[in-house]
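Notes to accompany the following structure.
Along the sequence shown, residues are numbered consecutively beginning with 1.
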Amino acid sequence: MKFNGQEFLNENVFRKLNEMKAFHPGLIEAEAASRVRPGFPHKRLVFAAADHNARMISEYKGNPIGLSNRREYLTRLVRILTSDSVDGIEATPDIIEDLMLINRIRREEGEKEFLKGKMLVGAVNRGGLKNTVWEMDDMPACFTVKRIKKLNMDGVKFMIRLNPMDERSKYTLQYCADTINEAEEYGLPVFIEALYVETADKGFVMKTDSESLCKVVGVVGALGCTGANKWIEVPLNGEYHVPVSATTCPVLVVPDEAESEPEAVIREYTKEIGIADHIRGILLGRNVMYNESDPLPIAEAIASKWHMA
């Protein structure tokens with residue numbers, strides 16, 4: 001059965017959201033101040049990943065604007081986050097703030113608060129817009145660490161695409177090091193998506209062979225003033241035990257997002273369980289969030305397997 005977003009979050013919710021954003025923006029900070037930070041609720045973490053559109057990634061399954069309908073995007077995120085097994089979300093400021101306001105609306109309507117007990121991790125660098133001439137200069141363009149702290153959030157997310165033949169990658173390394181240093185001052189964990197890319201005829205190609213991933217994981221582990229409080233997000237490959245052995249930092253799996261049938265998606269997202277003790281969870285990607293079936297039972301099945309491992 002296909003997911004009916006209109007039935008799950010109706011027009012009235014988004015009417016109230018639009019009114020709040022237009023006339024009562026201060027409610028965002030009020031909502032943030034009232035939340036209780038959960039810390040690390042489980043030994044393993046399952047996060048929804050919601051920072052695609054900020055880097056001009058709006059395509060999904062052949063539709064160039066498949067991720068662009070913000071109402072549908074938010075509805076599917078809320079659906080996933082209603083699960084007690086899903087630990088939190090990595091997202092940009094616009095998404096986090098909208099979710100905070102929707103959480104407030106649902107509470108006022110007598111519904112369960114879907115952000116209660118969730119970890120909120122803010123994406124910092126989304127400035128390396130896809131298919132731009134400066135793409136490898138992946139500058140901070142979203143959250144600041146100071147704002148993440150002010151909104152009473154739980155962590156900082158950064159992405160590194162290491163391209164050895166593109167000089168702009170060195171600036172991204174410096175941005176990341178600076179962010180790690182600032183996060184350390186605030187006592188916030190940093191979640192770093194570690195990618196290795198090469199220049200191709202049309203844009204850039206991500207490399208997931210073990211040699212490439214070992215190199216970028218080694219670089220990321222050494223960045224900044226500390227290796228503590230650092231989580232590394234490593235893309236899945238066919239011999240995952242090799243690249244994750246390049247660090248003692250906790251690892252979150254970045255899945256292929258290749259499957260679409262619900263049972264195949266669940267298998268794709270759980271096959272790394274038990275490979276290494278420091279693999280501590282996974283990011284829920286677009287093939288979970290935008291599954292034609294209801295994304296909630298798929299997310300719950302994945303999260304439950306990780307937490308029971």
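- For the pair Arg147 and Phe143, the cation does not sit on the ring face, since its NZ or CZ is not both under 6.0 Å from the ring centre and inside 45° of the axis.
- Taking the charged nitrogens against the carboxylate oxygens, Arg71 and Glu11 do have a contact shorter than 4.0 Å, which makes a salt bridge.
- Test Glu268, Glu259, Lys61 against Asn287 for side-chain hydrogen bond (donor to acceptor under 3.5 Å, both in side chains) and you get one pass: Glu268.
- A salt bridge is defined here as a Lys NZ or Arg NE, NH1 or NH2 lying under 4.0 Å from an Asp or Glu carboxylate O, and Glu193 with Lys157 meets this definition.
- Side-chain polar atoms of Ser169 and Asp166 form no donor-acceptor pair below 3.5 angstrom.
- Side-chain N/O atoms of Tyr171 and Asp138 include no donor and acceptor closer than 3.5 Å.
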Side chain to side chain donor-acceptor pair (under 3.5 Å) between Glu239 and Ser210, intermediate numbers included: CA-CA 7 Å; Glu239 45 181 13; Ser210 292; 2.7 Å; yes
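- Gln6 and Asn10 are not linked by any side-chain donor-acceptor pair at a separation below 3.5 angstrom, with hydrogens and angles left out of the test.
- A cation-pi geometry, defined here as NZ or CZ lying under 6.0 Å from the six-membered ring centre and within 45° of its normal, holds between Arg79 and Phe8.
- Between the side chains of Asn103 and Arg106, not a single donor N or O lies within less than 3.5 Å of an accepting N or O.
- By the 6.0 Å contact criterion, CD on Glu211 is open, its count of non-hydrogen atoms from other residues, nucleotides or ligands being 12 or less.
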List, one per line, each side-chain donor-acceptor pair under 3.5 Å for residues 195-208, sequence neighbours excluded.
residue, atom, partner, partner atom, Å
Thr199, OG1, Asn163, ND2, 3.1

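- Comment: Lys2 does not engage Asp294 in a salt bridge, judged by the lack of any side-chain N to carboxylate O separation of less than 4.0 angstrom.
- Side-chain contact check for Asp94 and Thr92: at least one donor-acceptor pair (N or O, by modelled atom type) lies under 3.5 Å.
- Comment: Arg107 engages Glu31 in a salt bridge, judged by a side-chain N to carboxylate O separation of less than 4.0 angstrom.
- Of the listed residues (Val124, Ile192, Asn125), just one forms a side chain to side chain contact (heavy atoms under 4.5 Å, CB included) with Met159, and that residue is Asn125.
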